[in-house]
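Step one of this worksheet: look at the structure below.
Because only heavy atoms are used, hydrogens play no part in the values below, and waters and symmetry mates are left out as well, while side chains stay in.
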Number of protein chains: 2
Amino acid sequence: MDIENLVKEKDIKLTTARTEILEKLIHAKKPLSYDDIKKDISMDKATFYRNITKFEKKMIVNSFESNDKKRYFEIFESPHPHFVCVVCDSVECIKKHLEFKLSGYTIENIILKGKCKKCNQI
Amino acid sequence: MDIENLVKEKDIKLTTARTEILEKLIHAKKPLSYDDIKKDISMDKATFYRNITKFEKKMIVNSFESNDKKRYFEIFESPHPHFVCVVCDSVECIKKHLEFKLSGYTIENIILKGKCKKCNQI
DNA sequence: ACTTTAATGCAACTTAGTTGCACATATAAA
DNA sequence: TTTATATGTGCAACTAAGTTGCATTAAAGT
């Protein structure tokens with residue numbers, strides 16, 4: 001996956017700031033918060049949030065609120081569940097497909113909250 | 001369900017403030033945020049949050065973070081999924097049991113995010 | 001180059017929730 | 001009934017993620 005493909009036909013100017021954000025998210029193995037990536041990007045947080053909002057509107061990025069009051073962002077791909085640890089606040093993607101229908105509702109994201117492997121061993 | 005049963009053997013003093021919170025939650029049909037119930041309770045928000053934290057530790061109340069940056073609280077009963085609308089931020093309980101296992105993990109809450117019935121019709 | 005439009009940085013703001021501290025209430029001991 | 005000790009409460013100040021207003025800068029079209 002490369003950045004040109006992501007923004008293709010999305011009517012978005014590819015500025016330095018935007019490239020930095022997308023680069024970081026593309027190489028991430030799990031959703032990241034602003035806090036997770038601020039050390040690796042050079043823009044102001046206002047710029048970060050304005051750009052991420054734009055990415056979300058264009059369906060390039062997708063986000064959800066975790067347990068730690070932070071928003072987590074990932075490149076929008078085929079929908080998959082996420083696991084959020086209520087002890088250590090870590091966030092993971094669940095590869096397994098979770099089929100679940102609810103008539104009248106549209107389900108966009110499934111979030112499982114609980115204790116992750118590490119925290120279960122303590 | 002009554003309040004005496006809830007706090008029985010939980011080593012909790014039943015003050016006026018605590019009774020107010022529990023009364024409200026017992027009669028709620030869905031999880032409520034502080035914002036939802038502040039008009040109906042007479043205590044300071046610090047007292048509310050300190051008590052709700054205590055209830056959570058004692059497994060009387062259970063909570064989760066929604067999409068609107070607010071925490072939603074409900075009386076702790078048998079675990080069930082919740083639906084959170086990403087458009088109108090409404091929160092609902094899902095009665096249907098959702099079985100989902102993930103080895104090594106403990107799942108405490110399942111949150112489905114998407115569009116609710118109302119918002120789907122718009 | 002000139003104009004128009006969108007992007008950025010900075011600082012101030014918003015808001016859910018937390019914390020320190022003094023005062024109040026309750027339970028236990030004397 | 002007083003005294004001691006612990007717990008609960010209100011108020012105000014604080015915290016931290018995210019937002020907004022505004023002046024400045026950069027980019028794209030003519």
Side-chain angles (χ1 to χ4, degrees), chain A residues 3-4 6-25 31-58 60-74 84 86 89-91, chain B residues 3 6-7 9-25 31-58 60-74 84 86 89-91 111 113:
Chain A
I3 290 179
E4 267 101 73
L6 278 178
V7 300
K8 199 176 280 176
E9 290 166 17
K10 291 280 170 68
D11 192 30
I12 272 198
K13 259 186 254 181
L14 211 46
T15 63
T16 316
R18 288 175 184 167
T19 308
E20 277 188 78
I21 298 173
L22 292 176
E23 275 295 347
K24 195 81 218 236
L25 291 181
L32 301 176
S33 66
Y34 168 67
D35 207 57
D36 289 332
I37 67 179
K38 67 179 176 198
K39 59 186 175 306
D40 301 316
I41 56 179
S42 54
M43 76 216 64
D44 185 77
K45 65 176 176 170
T47 304
F48 172 83
Y49 283 113
R50 277 189 284 233
N51 280 329
I52 215 93
T53 302
K54 178 152 283 194
F55 290 151
E56 285 202 75
K57 276 187 193 140
K58 302 282 183 178
I60 295 170
V61 161
N62 140 346
S63 82
F64 58 93
E65 196 82 18
S66 181
N67 232 36
D68 55 3
K69 296 183 198 86
K70 291 181 198 158
R71 226 169 166 80
Y72 282 77
F73 308 97
E74 68 183 346
V84 171
V86 295
D89 287 329
S90 65
V91 174
Chain B
I3 290 178
L6 279 178
V7 300
E9 289 166 17
K10 291 282 169 68
D11 191 30
I12 272 199
K13 263 186 250 180
L14 211 46
T15 63
T16 317
R18 288 176 185 167
T19 308
E20 276 188 80
I21 298 174
L22 292 176
E23 274 294 347
K24 195 80 221 238
L25 291 181
L32 301 175
S33 67
Y34 169 66
D35 207 57
D36 290 332
I37 67 178
K38 67 180 176 195
K39 59 186 175 304
D40 301 316
I41 56 179
S42 54
M43 77 214 64
D44 185 76
K45 65 175 175 170
T47 304
F48 172 83
Y49 283 113
R50 278 189 283 233
N51 280 328
I52 216 93
T53 302
K54 178 152 283 193
F55 290 151
E56 285 202 75
K57 276 187 193 140
K58 302 281 184 180
I60 295 170
V61 161
N62 142 343
S63 83
F64 58 93
E65 196 82 18
S66 180
N67 231 36
D68 56 2
K69 296 184 200 85
K70 291 181 198 157
R71 242 189 143 67
Y72 283 77
F73 308 96
E74 68 183 347
V84 171
V86 296
D89 287 328
S90 65
V91 174
I111 298 174
K113 293 195 180 177

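Between the NZ atom of B/K38 and the P atom of C/dA16 there is a distance of 7 Å, given to the nearest Å. Taking atom CE of residue B/M43 and atom P of nucleotide C/dG17, one finds them 15 Å apart after rounding to whole Å. To the nearest angstrom, P of C/dA7 lies 11 Å from NZ of A/K57.
Taken to the nearest 0.5 Å, the OG atom of B/S63 stands 15.0 Å off from the NZ atom of B/K70.
Using a 4.0 Å heavy-atom distance criterion, A/K54 is classed as a sugar-phosphate-only contact. Residue A/N51 is in sugar-phosphate contact alone, with no base atom involved, counting any heavy-atom pair closer than 4.0 Å across all strands shown.
Screening residues 44-55 of chain B for side-chain hydrogen bond (donor to acceptor under 3.5 Å, both in side chains) gives B/R18-B/N51 as the qualifying pairs, with residues at least two apart or on separate chains.
Every residue was checked against the salt bridge (Lys or Arg N to Asp or Glu O under 4.0 Å) condition with B/K58, not counting sequence neighbours, and none meets it. The salt bridge (Lys or Arg N to Asp or Glu O under 4.0 Å) test applied to A/E65 returns A/R71, not counting sequence neighbours. Considering only residues two or more places apart in sequence or on other chains, A/K24 meets the salt bridge (Lys or Arg N to Asp or Glu O under 4.0 Å) condition with A/D40. Applying the ring pair (Phe, Tyr, Trp, His ring centres under 6.0 Å) test to B/Y72 and every residue at least two apart in sequence or in another chain returns nothing. Partners of A/F55 by ring pair (Phe, Tyr, Trp, His ring centres under 6.0 Å), not counting sequence neighbours: none found. Residues that satisfy the side-chain hydrogen bond (donor to acceptor under 3.5 Å, both in side chains) test with B/D89, not counting sequence neighbours, are absent from this structure. Residues satisfying the side-chain hydrogen bond (donor to acceptor under 3.5 Å, both in side chains) test with A/T16, not counting sequence neighbours, are none. Looking at residues two or more places apart in sequence or on another chain, you find a salt bridge (Lys or Arg N to Asp or Glu O under 4.0 Å) between B/K38 and B/D35.
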Run the side-chain contact (heavy atoms from CB on, under 4.5 Å) check on A/I60 and A/I12 step by step: do they pass?
CA-CA 11 Å; A/I60 295 170; A/I12 272 198; 4.1 Å; yes
Are any protein N/O atoms closer than 3.5 Å to N/O atoms in nucleotides 20-28 of chain C? If there are, list each pair with its distance.
residue : atom : partner : partner atom : Å
C/dG20  : O6   : B/R50   : NH1          : 3.3

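Proximity of residues 61-72 of chain A to DNA chain D (heavy atom under 4.0 angstrom from any strand atom) is restricted to A/K69, A/K70, A/R71.
Put simply, chain B comes within 4.0 Å of DNA chain D, heavy atom to any atom, from D/dT7 to D/dG18, going 5' to 3'.
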